[in-house]
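The structure displayed is predicted, hence computed values, not measured ones. Protein chains get the first letters and strands the later ones, always in sequence-line order, with residue 1 at the start of each.
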2 protein chains.
Amino acid sequence: MKNTKQKALIYNAVMQNRCHPTADYIYHLLKPENPGLSLATVYRNLNTFANEGRIIKIGMPNGSDRFDGTLRPHFHMVCEQCGEVLDIDLSQLDHLAEEVYTQSGFTVSSYNLVIYGTCQSCAEVKENNS
Amino acid sequence: MKNTKQKALIYNAVMQNRCHPTADYIYHLLKPENPGLSLATVYRNLNTFANEGRIIKIGMPNGSDRFDGTLRPHFHMVCEQCGEVLDIDLSQLDHLAEEVYTQSGFTVSSYNLVIYGTCQSCAEVKENNS
DNA sequence: TTAGATGCAAACCCTTTGCTTGATT
DNA sequence: AATCAAGCAAAGGGTTTGCATCTAA
């Protein structure tokens, strides 16, 4: 693998923007300072990093995939009001793979959990407006 | 809401095909006997049924959404070998909403869990071939 | 009769791909 | 110099939408 300027830019952007950016977000973030940059390059590199395990790809049903530089196991909550994506640790899922295998004989390789709802700050706003 | 022939056809197709069909699957299933049927109608009605709570929409990251006539809370496992989608009950997730709220103040309205791996029959095939 | 659903095609969004040009080793 | 990546534009898939037509109420 070659070390290109673009790879470094894109990787650093994921690491420094802990908002779970989409490919498009990163593209628009870097584009002004790097007018030559192409969206295809952003996608290609994000997928490469994810396959190498350097970042995590969060598959969002009905929406753009998001990327995450936090490698520790955790899950994601999407606020339906403000659209923000938040992290959460759920220890009750630590043994999901074992439970699934015991119960059904299915060997788990990975899983994707996305939680939808209302984040605390949006709930407070609603509270104050009612 | 009007009771059309198409609505009945599509709803019955979901209920009678417990393979977690996609919109396209249902379309191709019904099309031969109903040459006038349109894919847009299938999508529109499936989404309507899901919004009404008559069926469940399973958002599949990087793939077509699937629909499920089983309303009892349960989750889905996708076999990466044969592509089949299987049901599983996971009681450890019964109190996920409470745990999330306690831990983070996030109010859960719904969540989407998809488990990837190898189903029992595909694992047995691999075993026999090795 | 008329509100609402269908069919069709076009539009849409997100992502990937083919191919030429350009940069890294 | 050879190889691999980037840039561009086009294609791909899955889904939704605008609009005219049709149909259940």
Heavy-atom closest contact (Tyr27(B) atom, Ser38(B) atom, distance): CE1-C, 3.8 Å
Heavy atoms from other residues, nucleotides or ligands near NZ of Lys5(A) exceed 12 (cutoff 6.0 Å): no
Between the protein and nucleotides 9-14 of chain D, list every N/O to N/O distance that falls short of 3.5 Å.
unit_1	atom_1	unit_2	atom_2	d
dG14(D)	OP2	Ser64(B)	OG	3.3

Residue pair Arg72(A), Asp89(A): steps toward the salt bridge (charged side-chain N to carboxylate O under 4.0 Å, His left out) verdict: CA-CA 9 Å; Arg72(A) 161 185 56 79; Asp89(A) 295 297; 2.5 Å; yes
Proximity to DNA chain D (any heavy atom under 4.0 Å), residues of residues 46-58 of chain A only: none
Cluster link Leu113(A) to Val114(B), ILVMFWY, side chain under 4.5 Å: no
Euclidean distance, atom CG of residue Leu9(B) to atom P of dA5(C) [Å, nearest integer]: 16 Å
Touch class at under 4.0 angstrom, heavy-atom based, for Asn45(B) against every strand present: sugar-phosphate
Under 4.0 Å protein heavy-atom contacts per nucleotide of nucleotides 19-25 of chain C, with B for base, S for backbone only and - for none: ----BBS
Any Gln6(B) side-chain nitrogen or oxygen under 4.0 Å from OP1 or OP2 of dT23(D): no
Heavy atoms of other groups near Glu98(B) CD, more than 12 under 6.0 Å: yes
Interatomic distance, Leu30(B) CG vs dT6(C) C1' [rounded to whole Å]: 15 Å
Residue closer to the 5' end of DNA chain C, Arg66(A) versus Pro35(B) (nearest nucleotide): Pro35(B)
Plane angle bin for Tyr111(A) and Phe75(A) - parallel if under 30°, tilted between 30 and 60°, otherwise perpendicular: parallel
Single-linkage hydrophobic cluster, 4.5 Å side-chain cutoff, Ile56(A) and Tyr116(B) together: no
Lys57(A) side chain reached by Asn47(A) side chain, heavy atoms, under 4.5 Å: yes
Length of the line joining Leu37(A):CG and dA6(D):P, which is rounded to integer Å: 9 Å
Candidate pair Ile88(B) and Phe106(A), rule side chain to side chain contact (heavy atoms under 4.5 Å, CB included), full reasoning: CA-CA 10 Å; Ile88(B) 188 165; Phe106(A) 189 97; over 6 Å; no
Thr41(A) or Asn62(A), whichever maps to the more 5' nucleotide of DNA chain D: Thr41(A)
Side-chain heavy-atom pair Met77(B), Val108(A) within 4.5 angstrom cut-off: no
Separation of atom CG in Asp24(B) from atom C1' in dT16(D), rounded to whole Å: 15 Å
Asp68(B) side-chain N/O to Thr70(B) backbone N/O, donor-acceptor pair under 3.5 Å: yes
